[in-house]
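One structure is given here, and the rest of the page talks about it.
Ligands are counted one by one from 1 in listed order, and the atoms in each one are counted from 1 as well.
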Amino acid sequence: MPQIIDGKKISAAIKEELKVKVEELKKQNIEITLAVIQVGNDPASCVYVRNKKKACEFIGIKSLSYELEETTTEEELIKLVEELNERDDVNGILVQLPLPKHIDEDKIIMTISPKKDVDGFHPMNVGALNIGQPGFVSCTPAGVIQLLKRSNIDIEGKECVVIGRSNIVGKPMGALLLKENGTVTICHSRTKDLKEVTKRADILVVAIGKPRFITKDYVKEGAVIIDVGMHRGEDNKLCGDVDYNDVADHVSAITPVPGGVGPMTIAMLMNNCVESINL
Ligand code: GUN
């Protein structure tokens, strides 16, 4: 039986720690406020935004909610972000993605002050991560590092293979594993012999976006598997990018889906909100 990396338990512990920190800050009259902006009614976004606000409430972070019409113009959204940038009582700004097609996401991300960019999406924060400077780090990959550290899995010197090169997960994941002194390879859709590369991994992070794609033929015996995927399978059950049942007996540790990486994203967002007072 592999070690099951329990993201539910680890994220709950992080949220408890943050709650204590926020209580301490309140005693010093420091309040943390997160502005959450959603444009339109994308059903998945509604769930994410609701969960983010619920986590704020649990930890003691004040959340300001901006639920804007689908027809909101790019100019209107930019104006709101600029106003929030200027407000001393707002520490973090989160614009839920995806945005409606008529709004340029990159332009909006660039408008958020890097000092309030708790998602870690602004090029300044992305650059800071890559040269080892302080800044906000994208929440999902930051959560993966916490899962490994809090499960006592060493990264230093290990062969770390990441599948997926998105700006939100794959690229910052590579940078973070490198910062922890892993030997990092990033694979993507043009990688020639994926199996040959993934079989080298001591730590394999999978963010490929295909349900149950990774079977034991892709995995070295005893590897650690981190599954970033989340899908609703044909059987209506939630599953990841990894075929859990196929690889489980073959690996030393694995994240389940649900209950692995998923709960960590919001915990790390909350961590970024608390860190915002130091940046
Ligand atoms: N949409 C899906 N994931 C995320 C995220 O982490 N942050 C934001 N802002 N939007 C998202």
Problem - Among V205, D241, L204, T185, the one residue meeting side-chain contact (heavy atoms from CB on, under 4.5 Å) with I163 - result: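 Answer after filtering V205, D241, L204, T185: L204.
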Exercise for the section: Give the residue and atom name of whichever protein heavy atom lies nearest to atom 10 (N) of ligand 1, and the separation in Å to one decimal. Expected result: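 Result for atom 10 (N) of ligand 1: L97 N, 2.9 Å.
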Exercise for the section: Could you check atom 9 (N) of ligand 1 against the protein and tell me its nearest heavy-atom contact, residue, atom and distance included? Expected result: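 Answer, as residue, atom name and distance: D119 OD2, 2.6 Å.
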Problem - Under-4.0 Å salt bridge between E83 and K79 - result: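 Answer for the salt bridge query: yes.
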Could you say whether the N/O atoms of [X] and ligand 1 ever approach to under 3.5 Å?
X: L94; answer: no
X: V95; answer: yes
X: Q96; answer: yes

Exercise for the section: Kindly state each residue pair satisfying side-chain hydrogen bond (donor to acceptor under 3.5 Å, both in side chains) with at least one member in residues 265-279, sequence neighbours excluded. Expected result: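 Non-adjacent pairs meeting side-chain hydrogen bond (donor to acceptor under 3.5 Å, both in side chains): T140-T265.
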Handout entry: Within-4.5 Å side-chain heavy-atom neighbours: F121 and N167
Key =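 They are not in contact (no side-chain heavy atoms under 4.5 Å apart), so the answer is no.
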Problem - Test item, M268 contacting ligand 1 (heavy atom, 4.0 angstrom) - result: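 Not so, M268 does not reach ligand 1.
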Practice task
Count the heavy atoms belonging to other residues, nucleotides or ligands that lie under 6.0 Å from CD of E86, then report whether that count exceeds 12.
Solution key: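 Not more than 12 within 6.0 Å, no.
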